[in-house]
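Structure record follows, encoded as structure tokens.
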Amino acid sequence: MIRYIRWCAYFCALLLAALLVNVARVQVWEAAAYGANPANKRPAIERYAEPRGDILVDGRPVTGSRDSGQLLRYERTYANGPLYAPVTGFSSQTYGTSLLERAEDAVLSGTDPGLSAFPLWYDLARGRPSGGNAETTVRSGPQLAAYTGLAGRRGAAVALEPATGRILALVSSPSYDPAALSGTGGAVKAAWARLNADPARPMLNRALRETYPPGSTFKIVTAAAALDAGVVTDVDAPTQTPDPYPLPGTSTLLPNAATGCQDASMAEAVQWSCNTVMAKIGVRVGLRAMVDAARRFGFNEEGLRVPAWVSRSNFDTDMSPDQLALSSIGQFNTTATPLQMAMVAAAVANGGELTSPYLVDRTTQDDGDQVRRGQQHGLGRAMNPATALRLQEMMVQVVENGTGRNAAIPGAVVGGKTGTAQHGVGNAGTPYAWFIGWAKAEDAPQPGVAVAVVVEDAEARRGDISGNGAAAPIARAVMEAALAAR
């Protein structure tokens, strides 16, 4: 009998060991797989069991949380949702997160180790600290000015602080209310389908993700390349450029929309936006030097984040001379995000130094204690300081006596460049209206804001579209608001 009891004890011990091994397998080796299984609702229930941290503008939250009383308890809410959607993105219980809601999700959801002095304690207790906050660099005044100025037309506006790279305004139009996507159920699915089917693409962040031909605003890059390379040493000297200009190696003639471009100087070409002069200068600079200059401004660079990712702006690296001529005036395959063109203006305003743009000033715990500061760092020198000073003078002439008069601000020094970018097959599309520029209060030591505005106005008459008419007034309002907020 004792022998049978002994064998039974051995068998029970074996079963216990097998049970412990299986528990270890489930809890350790296969825990991640079970946690990621769509049938496992526990992670989602835990994620939405507590209010989410907030995104702040001017120190005030533009997001919140609502107790839905459902299994996924807390839903995201938004104050002035369409105004700040290009900054916040959405946080949806059905469709996930985007933009800052995604980039700072660990802080906002309470899973970032920096939210607690003892993160291991929360792991052992299977808990988590309260969600932290993300304080943005955005200012409500410039943001509202850009949103109001675009007035629902397709386009975007970006404002930067040139010396630091702080993003003061980030607007994409038309916009949407991210609150419509926050919860679950049929209404959320219907809103998602409606927004994705909308031909205006309101969920596309045009400021960061859309690339446009920059048109004549790119002439600032070409002018910088010419001055740095010594191709142009006197900006007021005639350039012996015919009007129209025969594109090299072709029988195609490049015309001007402006008058008085025959044999114009580079300063006059920037002031009146002469295609012929700047195309010829780009060819004289040469492909390699133009590519290098564009790269120094940020073109062809991958991986820019603010912290949401930004589309790559393009300047072709292999072109024939006629293609280089067109690329030098912002056409052919040259494309740029509005953020990229704001960086061009900011580099000029900042004496040639290019600073990385960023959107989060700092993240904090729910009680206000800092987790980390925003990543402010330089991207290198885009041009020589003397070149930047010369370009500042030329851009001021654009606003005071040239094509950008609608950007002038009383009591401030404003420099700018207008652009009207052709696109579509055979340039049949309605042109895009551009303005880039910067502004400095008269008593300030350096410019306080740089902007880029692009307007896609498909309803406007083709002949009425211009950077001065459509984009410059928006830029002026944004710059005024930014200077007033300093």
Side-chain angles (χ1 to χ4, degrees), residues 211-227 229 231-232 235-291 293-294 299 313-336 341 344 391 394 398 402-404 417-436 454 462-468:
T211 57
Y212 302 87
S216 293
T217 59
F218 189 82
K219 292 172 183 175
I220 296 301
V221 177
T222 302
L227 289 168
V231 170
V232 174
V235 298
D236 297 313
T239 56
Q240 287 83 50
T241 306
D243 184 6
Y245 169 64
L247 293 177
T250 75
S251 58
T252 303
L253 297 177
L254 179 66
N256 287 299
T259 58
C261 292
Q262 176 85 25
D263 197 28
S265 66
M266 189 170 79
E268 291 170 329
V270 171
Q271 181 178 351
W272 299 109
S273 206
C274 297
N275 291 334
T276 53
V277 174
M278 299 309 298
K280 180 182 177 181
I281 287 174
V283 173
R284 290 178 58 201
V285 171
L287 178 60
R288 179 175 296 181
M290 281 298 301
V291 169
F299 285 80
S313 297
N314 180 73
F315 187 84
D316 277 3
T317 59
D318 185 11
M319 292 181 281
S320 60
D322 59 310
Q323 293 168 341
L324 177 59
L326 293 175
S327 296
S328 299
I329 59 171
Q331 297 290 167
F332 189 55
N333 289 336
T334 304
T335 58
M341 295 315 296
V344 170
L391 286 176
M394 289 192 288
V398 170
T403 60
K417 182 70 191 77
T418 57
T420 305
Q422 308 292 333
H423 70 102
V425 178
N427 291 333
T430 305
Y432 301 135
W434 276 94
F435 183 89
I436 66 171
V454 62
R462 187 181 184 93
D464 293 340
I465 296 173
S466 72
N468 186 54

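- Under a 3.5 Å cut-off, the side chain of N256 and the backbone N or O of T276 do form a donor-acceptor pair.
- Closest approach of S313 to A336, counting heavy atoms only: OG-CA, 3.4 Å.
- At distances below 3.5 Å, not a single donor-acceptor pair connects side-chain atoms of T334 with backbone N or O atoms of F315.
- Nearest heavy-atom pair, S327 versus M319, reported as atom, atom and distance to 0.1 Å: OG-SD, 3.0 Å.
- At least one donor-acceptor pair under 3.5 Å links the side chain of W434 to the backbone N or O of P213.
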Discussion item. With side-chain contact (heavy atoms from CB on, under 4.5 Å) as the criterion, how do K219 and N275 come out once you've worked through the C-alpha distance, each side chain's angles and the decisive distance to 0.1 Å?
Written reply: CA-CA 9 Å; K219 292 172 183 175; N275 291 334; 2.8 Å; yes
Worksheet item: Which is it for V344 and I436 under the side-chain contact (heavy atoms from CB on, under 4.5 Å) test, yes or no, and what are the steps along the way?
Response: CA-CA 8 Å; V344 170; I436 66 171; 4.2 Å; yes
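- In terms of heavy atoms, T420 sits closest to P431 at CG2-CB, 3.6 Å.
- Judged by distance alone, with hydrogens and angles left aside, the side-chain atoms of Q262 form a donor-acceptor pair with the main-chain N or O of D243 at under 3.5 Å.
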Worksheet item: Can K280 and S328 be said to form a side-chain hydrogen bond (donor to acceptor under 3.5 Å, both in side chains), step by step?
Response: CA-CA 9 Å; K280 180 182 177 181; S328 299; over 6 Å; no
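- Between I281 and M266 the shortest side-chain heavy-atom distance falls below 4.5 Å.
- M278 contributes atom CE, which lies 11.0 Å from atom SG of C261 (distance to the nearest 0.5 angstrom).
- Counting only distance, with no hydrogens or angles, the side chain of N314 and the backbone of N333 share a donor-acceptor pair below 3.5 Å.
- Remark: T250 OG1 to Q323 CD distance equals 10.5 Å, nearest 0.5 Å.
- Here OG1 of T241 is found 11.0 Å from CD of E268. Values are rounded to the nearest 0.5 Å.
- Taking the six-membered ring for Trp and thresholds of 30 and 60 degrees, Y432 and Y212 have ring planes more than 60 degrees apart, a perpendicular arrangement.
- Among all heavy-atom pairs drawn from K417 and V270, the shortest one is CE-O, 3.5 Å.
- Among all heavy-atom pairs drawn from P248 and A325, the shortest one is CD-CB, 4.3 Å.
- Taken to the nearest 0.5 Å, the CG atom of D316 stands 10.0 Å off from the CG atom of L324.
- Taken from CG in L254 to CD in Q331, the straight-line distance is 9.5 Å, to the nearest 0.5 Å.
- Listed here is the closest heavy atom pair of A223 and L391: CB-CD2, 3.7 Å.
- Checking V398, T418, T403 one by one against W272, the side-chain contact (heavy atoms from CB on, under 4.5 Å) holds for a single residue, T403.
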